[in-house]
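Each remark here refers to the structure printed beneath this line.
All values below were derived from every heavy atom in this structure, side-chain atoms included, with hydrogens, water molecules and symmetry-related copies excluded. Sequence lines set the chain letters: A, B, ... in the order given, protein chains first and strands last, and positions in each chain run from 1. This structure is a prediction, so every number in the text was calculated from the model and none was measured.
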There are 2 protein chains.
Amino acid sequence: MRFEVLAVDPASGLRAGLLHTAHGSVPTPTFMPVGTLGTVKSLTPVDVRATGAQIVLGNSYHLALQPGVATVERLGGLHNFMRWDGPILTDSGGFQVFSLDQLRQVSEAGVTFASHLDGAPTFLSPECVVDAQERLGADLIMPLDQCLGADATWAETADALERTQRWWQRSLLAQRRSDQALFSLIQGGLFEDLRRGAARAAATEPAPGFAIGGLSVGEPKDVTAALLRATLDELPADRPRYLMGVGHPQDLVTYARLGVDLFDCVLPTRLGRNGTVWCDLQGQRLSLSRRALLGHRGPIVPDCLCMACTEWSIGSLAALYQHRDPLAYRLASMHNLTILGRVAQDLRRAVLYTAGKTSMHRVALRNTRAC
Amino acid sequence: MRFEVLAVDPASGLRAGLLHTAHGSVPTPTFMPVGTLGTVKSLTPVDVRATGAQIVLGNSYHLALQPGVATVERLGGLHNFMRWDGPILTDSGGFQVFSLDQLRQVSEAGVTFASHLDGAPTFLSPECVVDAQERLGADLIMPLDQCLGADATWAETADALERTQRWWQRSLLAQRRSDQALFSLIQGGLFEDLRRGAARAAATEPAPGFAIGGLSVGEPKDVTAALLRATLDELPADRPRYLMGVGHPQDLVTYARLGVDLFDCVLPTRLGRNGTVWCDLQGQRLSLSRRALLGHRGPIVPDCLCMACTEWSIGSLAALYQHRDPLAYRLASMHNLTILGRVAQDLRRAVLYTAGKTSMHRVALRNTRAC
């Protein structure tokens with residue numbers, strides 16, 4: 001993996017970059033749709049690409065339980081299993097295990113938890129998490145981290161942070177493949193001094209990129225922004241920064257302007273499957289369950305280029321959703337992902353344009369060379 | 001509407017035809033996927049076309065309840081609402097109302113029933129059924145008929161048949177649009193003399209085509225075939241014959257060889273949504289819910305050209321289905337429809353080939369001219 005920063009906005013921290021992987025290059029900032037179990041739910045890879053997405057995320061926790069790492073291996077690895085030949089990022093499962101709440105037990109060795117599927121006791125260590133991700137075969141992989149709730153004390157957070165840092169060292173030692181980028185994962189809860197210290201420590205590591213976890217977990221947005229700013233302050237500019245679990249159009253703008261390059265979140269597709277579509281670039285919501293929409297002949301967003309907006313009226317989409325046609329989930333998911341793709345593209349073009357770079361040809365050429 | 005018979009197999013009754021409508025021409029025999037509420041569930045029109053289907057069916061009963069005929073009109077009519085610019089057939093609702101069972105009351109005026117959605121009392125007459133279908137705007141439309149169960153006596157069946165025939169006369173009188181083909185609908189239950197009489201009467205009518213209802217409702221297949229043969233014997237050869245509610249690959253072969261041109265059924269898409277795919281042209285079933293399929297790297301049918309078979313392994317499809325990804329319903333539905341499309345195409349090509357016709361170019365040219 002190689003990362004290029006093409007331009008930085010001096011007025012904010014907004015960057016335009018290119019992330020080169022063995023499966024192609026990704027212009028940043030970018031949003032990564034979440035393909036929990038190997039697909040972005042209800043979408044084909046062609047659908048996903050049509051939204052402008054160029055990298056997708058898989059959850060190694062979910063994949064390990066269902067259909068199992070061995071099955072994915074048998075089917076030719078994650079790229080083959082997902083039918084996605086572009087870059088893939090897998091997460092470590094730390095956050096998923098954390099969200100199981102009562103079902104888990106954390107020790108220095110790792111995390112024991114009951115599977116959300118059948119309650120079977122399962123153990124995750126930093127080593128086996130790296131092993132699973134190496135066998136899955138994503139381009140970017142994440143180390144196991146210990147997550148905490150928003151109500152954790154300073155001492156609890158400091159403890160968890162130190163454990164996450166020790167786990168990171170074990171993850172590094174466990175890594176066997178040299179063709180995957182194992183990111184350093186920065187925690188520190190809602191405490192600025194811990195965040196800053198964690199980032200400063202990570203900056204000295206040979207990590208190819210940085211994942212920032214444990215933010216946007218319910219705290220006010222200005223707190224998120226302040227903690228993020230403190231974290232990014234300490235990170236080297238030449239490596240990609242990935243803010244985990246953020247995917248609202250307005251949040252993308254706010255945090256990309258602080259210097260974040262990569263985002264992921266289930267929000268756009270989960271909203272889509274629940275019939276909620278964003279009707280502008282600010283992420284204003286519209287529910288397709290409203291009866292009053294049935295007669296509406298216009299598209300959700302007039303200049304949106306997604307299949308839902310170019311081919312279907314709001315009225316038709318509402319009718320589809322109201323009789324629970326799976327096509328509605330697909331179209332609404334594609335629309336929401338297209339909105340995020342558009343926001344990311346606008347941000348990127350703005351900073352390249354401001355920097356006087358003729359972005360389009362330059363990027364296209366570099367992209368071609370890198371693939 | 002205009003119908004051409006291009007070739008007939010002298011050894012069976014198999015015909016190759018072309019059905020010309022204002023929205024394009026359809027090579028027959030053909031299977032019509034069912035788009036109950038305006039979509040073939042989980043598929044876009046592009047998906048439907050990719051299966052080889054060239055005409056689709058909408059249920060006027062379902063559309064009238066949800067989203068309502070007025071809403072479809074406001075959204076530009078059924079073609080616009082469905083985003084389907086090819087031919088459409090709508091049924092009358094007679095069979096749907098019949099399947100509501102206890103909820104209905106039949107009189108000479110029409111049928112009163114409780115909506116399956118909210119129990120609201122609803123009335124269907126031959127006239128309002130034609131009116132609704134004229135407002136929806138399909139190319140082929142059906143008159144209201146009185147359906148009976150397989151246990152109906154001769155006298156009950158004769159009564160229902162006569163009422164269906166009187167309703168047909170009222171339907172003809174109610175028709176205002178001249179650009180829709182109102183088929184004559186032949187009933188007669190499981191009684192050969194009634195079937196034959198009904199067909200003989202229909203043959204004298206100015207109907208542009210014939211729909212055959214009330215068959216394949218649970219009776220043995222040789223009974224269906226005998227009754228169908230009796231019906232088709234009495235019908236003129238120059239008009240299309242539509243066998244309602246039949247959609248198994250083997251049934252398509254059997255009944256097309258008796259001289260049926262059009263078929264419809266929810267079977268392929270309902271099976272698909274339940275994770276059952278046909279794994280050969282005989283309609284052998286395979287359930288994607290089987291855990292043992294997870295490691296299987298091959299396609300469902302090696303030489304099937306559908307998206308499921310060309311892009312996905314059985315293992316990936318099984319994984320998709322087993323975690324309830326709506327994409328599985330889409331892919332399985334497309335596969336099953338493609339199998340039926342292939343069966344219909346094979347039948348057609350066989351009879352044209354046998355008749356010494358260079359079907360492909362001839363049909364393509366005619367098709368172009370007709371559009």
Side chain, backbone, both or neither of Ser313(A) within contact of chain B (heavy atoms, under 4.5 Å):
side chain
Counting only heavy atoms not in Arg177(A), do more than 12 fall under 6.0 Å of its CZ?
yes
Within a radius of less than 6.0 Å around CZ of Arg270(A), do more than 12 heavy atoms belonging to other residues, nucleotides or ligands occur?
no
Residue among Pro45(B), Gly295(B), Gly38(B) with most heavy-atom pairs under 4.5 Å to chain A:
Gly295(B)
Minimum heavy-atom separation for Phe81(B) to Trp312(A), with atom names?
O-CZ3, 4.1 Å
Output, in order, the C-alpha distance, side-chain angles, deciding distance and verdict of side chain to side chain contact (heavy atoms under 4.5 Å, CB included) for Asp47(A) and Arg330(B).
CA-CA 13 Å; Asp47(A) 292 340; Arg330(B) 179 178 169 220; 3.2 Å; yes
With a 4.5 angstrom heavy-atom cut-off, could you sort out which part of Tyr329(A) is near chain B: side chain, backbone, both or neither?
side chain
Start with the C-alpha distance between Leu320(A) and Thr39(B), add both sets of side-chain angles, then the distance that settles side chain to side chain contact (heavy atoms under 4.5 Å, CB included), and finish with yes or no.
CA-CA 8 Å; Leu320(A) 280 175; Thr39(B) 46; 3.2 Å; yes
Out of curiosity, Gln66(A) CD to Leu294(B) CG, how far, rounded to the nearest 0.5 Å?
8.5 Å
Compare all side-chain heavy atoms of Thr44(B) with those of Met307(A) and state whether any distance is below 4.5 angstrom.
yes
Which portion of His296(B) sits near chain A, non-hydrogen atoms under 4.5 angstrom
backbone
Please identify, among Arg273(A), Arg74(A), Arg291(A), Met82(A), the residue contributing the most non-hydrogen atom pairs under 4.5 Å to chain B.
Arg74(A)
Heavy-atom closest pair, residues Ser42(B) and Asp325(A):
N-OD1, 2.6 Å
Heavy-atom pair count under 4.5 Å with chain A, highest-scoring of Glu73(B), His62(B), Lys41(B), Arg83(B)
Arg83(B)
Could you tell me which portion of Leu43(B) (side chain, backbone, both or neither) has an atom closer than 4.5 angstrom to a non-hydrogen atom of chain A?
backbone
Picking from Leu331(B), Val46(B), Thr71(B), Thr36(B), which has the most non-hydrogen pairs under 4.5 angstrom with chain A?
Thr71(B)
With side chain to side chain contact (heavy atoms under 4.5 Å, CB included) as the criterion, how do Arg297(A) and Leu75(B) come out once you've worked through the C-alpha distance, each side chain's angles and the decisive distance to 0.1 Å?
CA-CA 6 Å; Arg297(A) 300 183 72 149; Leu75(B) 292 170; 4.0 Å; yes
